[in-house]
Structure formats: C-alpha cells, structure tokens
J.: 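Take a look at this one; I'll ask things after.
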Amino acid sequence: MEEGDAKNPNTEQMEVKEPKHDGTTMRKALLVINCIMLSIGNCGSPLIMRLYFIHGGNRIWFSSWLQTAGCPIILLPIACAYVHRSRTANPTSENKLFCMERPLFVAAIVLGILSGLDNYLYSYGLSRLPVSTSSLIIASQLAFTAGFAFLLVKQKFTAYSVNAVFLLTIGAGVLALHSSSDRPANESNKEYILGFVMTLAAAALYGFILPLVELTYKKAKQEISYALVMEIQLVMCLVATGFCTVGMLVNNDFKVIGREAREFELGETKYHVVVIFSAIINQCFFLGAIGVVFCASSLLSAVVIAVLLPVTEILAVFFFNEKFQAEKGVSLALSLWGFISYFYGEIKQSKKKKPDPETEMASSLLPNTLKSSV
C-alpha cells in the first residue's frame with residue numbers, strides 16, 4: 001500500500017503543477033512592475049524634456065543623449081540578479097555577471113544604433129511641438145508596431161485589435177489636419193511641419209524596434225531570462241548613448257552645456273535637476289518597454305504606451321497651459337475608443353482560452369497510463 005502511494009500519479013501531477021503556477025505568478029508580477037515603469041517613463045519623459053526646451057534648452061543632440069545616458073542604473077538590478085544566482089545556483093556551475101552570448105550582443109548593438117537614431121528624431125520633434133500634440137502623434141506608433149509585429153513575429157490579430165489600430169490611426173490623422181493652429185509662438189510653419197514629420201518618423205521607427213526586440217528574443221539561441229533582458233537593455237542604451245555622443249561632438253554641444261546651464265530660465269541648479277531626472281525617467285521608459293515585450297508581446301507594449309496618452313495630455317495642459325482644441329478632443333476620443341476595443345478583445349480571448357475547471361480537475365485525476373491511452 002505504501003509503495004502504491006509513493007507512485008500515485010495524482011501526487012506526481014500535483015508536484016508538476018506547483019512550479020508552473022509559481023512561474024506564471026512571477027511573470028505576471030514582472031509584467032505589472034514593467035507596466036508601472038513604462039507608465040512613469042512614458043508620462044514623465046515628454047514633460048521633462050519639453051520643460052528643458054521651453055526654458056532655454058536648445059541642444060537636440062544633448063536631449064537625445066539624455067534619453068539613454070542613465071543606463072548605468074541598470075547595473076544595480078543586474079548585480080542583484082548575479083547575487084541571487086550565486087545563492088541559488090549549483091555550486092559546481094559557473095556563474096557569470098553577464099550571461100549574454102555573442103549573437104545576442106551583436107543584435108543588441110544593432111538595436112542600440114536604431115534607438116539612438118529614434119532618440120534624435122523624437123527630441124527634434126519635441127523641441128518644435130507642444131507635448132499634447134507630440135503625444136497624439138506618437139499614438140500612431142501602435143499602428144506601426146502592429147504592422148511590423150505581423151510581418152516580423154507573425155502577431156495574430158482579432159477584429160477588436162484591428163479596430164483599435166484603425167481608430168488610433170484615424171485619431172492621429174484628425175490631429176494632422178489642423179495641426180498648424182497649435183504652432184508655438186516665434187516658430188515658422190516650416191519648422192513646425194518638420195517637427196511633425198520627425199515625430200511621426202520617430203513613432204514609425206520605434207514601432208519597428210519593439211517587434212524587432214521580440215524577434216530577437218524568439219531567435220536567440222540561449223534562454224531569455226529577465227536578467228538577460230536587462231543586459232540587452234544595457235547594451236542597447238550604451239550603443240545609443242555612443243551614437244548620440246558622436247552627434248554632440250560634431251555639433252559642439254559639450255562646449256556650450258555650461259553656458260546653457262547658466263542661462264537657463266529656471267536657474268542653473270534646476271537645469272541640472274532637469275537633466276538628471278530626464279536621464280532617470282527615460283531609463284524607466286526603455287526598460288519598461290522591453291520588459292513588457294519580454295513578459296507579453298511588442299503589441300501590448302505599444303498599447304500600454306498608447307493607453308497612457310490621455311494622462312500625458314492632461315498633465316501637459318495642467319503644467320504648461322497648452323491649448324486643448326476640438327481636433328485634439330476628437331483624436332483623444334478615437335484613441336480611447338481604440339483602447340477600450342483592444343482590451344475588450346483581449347478579455348474575450350482570455351476567456352476563450354481559459355479551460356473549464358471541472359474538465360481540468362477530471363483530467364488531473366486521470367492516471368498517466370489512461371491519459372496516454374486516450
């Protein structure tokens with residue numbers, strides 16, 4: 001009897017299920033944490049970058065550089081992951097601080113160069129456009145991400161997700177029809193249009209980068225852990241920072257930063273505060289974005305970015321007294337409609353995939369021999 005109990009298939013089944021449950025819970029927790037970081041970065045980044053430009057800052061390459069210059073912060077969680085592996089791993093196995101292998105390293109370098117270019121496009125656009133206008137244009141990123149995700153990672157779409165992408169694209173188009181009425185003072189129509197085009201290009205490029213990151217995860221020949229995701233982010237940011245450093249050297253930005261700080265309208269001390277927080281908040285955005293890709297998909301990362309649009313809009317109107325015209329209201333309404341459509345579709349899909357509890361319980365009670373025969 002005791003021997004039979006020891007080999008009870010039900011016991012084996014219970015032992016297999018627990019780790020799976022723990023892994024799913026951990027992944028959900030990571031998804032929530034990364035969504036929070038993405039929210040902080042997505043809402044705070046355009047506000048603090050715009051604060052730099054409207055109070056005397058005018059170095060676009062320097063602003064681009066700040067978007068990834070805070071990457072040394074990532075060394076702290078990487079070190080924590082290393083300590084955790086040291087305590088839990090087999091004493092005989094080799095434990096390295098960095099686990100990334102050469103193919104993944106090369107991919108991260110390519111992604112970093114693209115990110116550096118995207119930083120410049122985004123900074124240029126934000127230097128010419130109000131935050132609310134820039135944010136609504138960036139909402140079109142979801143459409144670009146959806147298209148590239150379909151081509152690169154074979155993303156599956158439902159009627160709800162297609163409807164969401166369509167509504168968000170139309171919303172950005174409505175904004176473009178009467179965008180010149182929101183042009184800041186002392187700025188030519190040509191500069192404003194160029195800012196609009198550059199922001200749209202930034203949205204398209206980042207819409208390509210997110211699915212490319214997901215494709216990198218899928219094609220990697222080593223197991224992708226969250227610690228490895230942070231390593232990829234570190235390499236991407238270091239390369240992007242190097243790309244922008246070259247631009248700063250060519251544009252002589254390093255020579256004028258001291259003078260720009262002294263002439264900053266809010267004071268030299270607040271200039272340095274804006275610079276430091278810009279680097280930190282942008283790092284939250286980038287780490288949160290690729291973290292969501294790791295925990296879910298590139299499409300969900302783009303959707304979260306788009307969902308935060310109303311928050312950024314409200315904050316921009318509140319902090320900078322920006323105008324909120326009828327076109328922005330229509331665009332915002334279409335965007336919200338698109339967000340609701342997407343999440344409603346995701347909820348319906350998750351309910352379809354969820355197994356019947358009674359069927360699952362009956363299946364778990366079947367001995368392994370009966371399951372194999374069935």
Side-chain angles (χ1 to χ4, degrees), residues 41-42 44-74 112-135 137-138 182-203 205-206 234 236-286 316 319-322:
N42 193 68
S45 172
L47 295 174
I48 199 164
M49 287 176 65
R50 185 61 181 168
L51 185 68
Y52 166 79
F53 285 117
I54 65 177
H55 288 292
N58 59 7
R59 315 309 296 184
I60 295 174
W61 276 112
F62 178 51
S63 177
S64 308
W65 183 84
L66 287 173
Q67 292 184 51
T68 50
C71 59
I73 297 172
I74 305 175
I113 294 172
L114 293 175
S115 297
L117 176 59
D118 187 71
N119 291 348
Y120 177 78
L121 293 173
Y122 180 67
S123 293
Y124 189 97
L126 197 59
S127 69
R128 299 288 187 265
L129 303 176
V131 173
S132 54
T133 303
S134 175
S135 298
I137 298 171
I138 290 295
D182 201 25
R183 177 162 49 91
N186 302 321
E187 185 174 295
S188 67
N189 193 47
K190 181 180 178 181
E191 289 178 327
Y192 185 83
I193 293 174
L194 185 58
F196 192 99
V197 172
M198 293 289 251
T199 306
L200 189 62
L205 182 56
Y206 202 67
L234 180 62
M236 285 175 59
C237 287
L238 285 173
V239 173
T241 304
F243 179 90
C244 295
T245 300
V246 174
M248 289 181 67
L249 290 170
V250 173
N251 204 41
N252 294 320
D253 281 6
F254 287 105
K255 295 181 180 179
V256 299
I257 288 175
R259 187 184 70 208
E260 186 178 75
R262 291 189 296 271
E263 296 175 354
F264 196 61
E265 293 177 4
L266 300 178
E268 188 172 354
T269 302
K270 289 185 178 179
Y271 176 87
H272 292 108
V273 171
V274 168
V275 164
I276 292 169
F277 272 89
S278 180
I280 294 172
I281 291 174
N282 274 290
Q283 203 52 229
C284 288
F285 171 81
F286 285 111
F319 285 112
F320 300 133
N321 296 318
E322 293 184 357

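Reckoned from all heavy atoms, side chains included, excluding hydrogens, waters and symmetry mates.
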J.: Give me the ring orientation class for Tyr271 and Phe62: parallel if the planes are under 30° apart, tilted from 30 to 60°, perpendicular past 60°.
T.: parallel
J.: Any chance you could measure Ser127, atom OG, to Ile54, atom CD1, to the nearest 0.5 Å?
T.: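 Output value for this atom pair is 12.5 Å.
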J.: Within the supplied structure, the quantity of interest is the number of heavy atoms (other residues, nucleotides, ligands) at a distance under 6.0 Å from Phe277 CZ; does it exceed 12?
T.: no
J.: Can you tell if the side chain of Leu266 reaches within under 4.5 Å of the side chain of Leu51, non-hydrogen atoms only?
T.: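 Result yes, sub-4.5 Å side-chain heavy-atom pair found.
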J.: Which heavy-atom pair separates Gln283 from Ile74 by the least distance, and what is that distance?
T.: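 That closest heavy-atom pairing would be OE1-CD1, 3.2 Å.
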J.: What are the two closest non-hydrogen atoms of Leu234 and Cys71, and how far apart are they?
T.: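 Heavy atoms only, the tightest pair is CD1-O, 3.4 Å.
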J.: Using a 3.5 Å distance criterion without hydrogens, assess whether the side chain of Ser45 forms a donor-acceptor pair with backbone atoms of Ile281.
T.: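 Checked: no pair found.
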J.: Is there a side-chain contact between Asn119 and Phe286 in this structure, where contact means two heavy atoms from C-beta onward sitting under 4.5 Å apart?
T.: yes
J.: Measure the shortest side-chain to side-chain distance between Thr245 and Phe254 over non-hydrogen atoms and say whether it is less than 4.5 angstrom.
T.: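 Side-chain contact under 4.5 Å: yes.
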J.: With a 4.5 Å limit on heavy-atom distance, are the side chains of Glu260 and Tyr52 in contact?
T.: yes
J.: Going by heavy atoms in the side chains, are Met248 and Ile257 under 4.5 Å from each other?
T.: yes
J.: Would a 4.5 Å heavy-atom cut-off, applied to side chains only, mark Val256 and Asn252 as touching?
T.: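 Of all side-chain heavy-atom pairs linking Asn252 with Val256, none is under 4.5 Å.
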J.: Got a donor-acceptor contact below 3.5 angstrom from the Asp253 side chain to the Arg59 backbone?
T.: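 Side chain of Asp253 to backbone of Arg59, a donor-acceptor pair under 3.5 Å: no, none is there.
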J.: Name the orientation class of the two ring planes belonging to Tyr120 and Tyr124 (parallel below 30°, tilted from 30 to 60°, perpendicular beyond 60°).
T.: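 Tilted.
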J.: Check ring pair (Phe, Tyr, Trp, His ring centres under 6.0 Å) between Tyr206 and all other residues, then give those that pass, not counting sequence neighbours.
T.: Phe285
J.: For the CH2 atom of Trp61 and the CG atom of Leu249, what is their distance to the nearest 0.5 Å?
T.: 11.0 Å
J.: With rounding to the nearest 0.5 angstrom, report the CG to CG distance, Leu205 to Asp118.
T.: 4.5 Å
J.: Please report the closest heavy-atom contact between Ser123 and Met49, naming both atoms and the distance.
T.: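 Of all heavy-atom pairs spanning Ser123 and Met49, the closest is OG-CE, 3.4 Å.
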J.: If I take atom OG from residue Ser278 and atom CD from residue Gln67, how far apart are they, to the nearest 0.5 angstrom?
T.: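 The OG atom of Ser278 sits 7.0 Å away from the CD atom of Gln67.
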J.: Report yes if some heavy atom in the side chain of Leu194 is under 4.5 Å from a heavy atom in the side chain of Arg128; otherwise report no.
T.: no
J.: How many angstroms lie between atom SG of Cys284 and atom CD1 of Ile73, to the nearest 0.5 angstrom?
T.: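 If I round to the nearest 0.5 Å, the distance is 7.0 Å.
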J.: Hey, does Ile48 have a side-chain heavy atom less than 4.5 Å from the side chain of Val274?
T.: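 They are in side-chain contact.
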J.: About how many Å separate OG of Ser134 and CZ of Arg50, when rounded to the nearest 0.5 Å?
T.: 9.0 Å
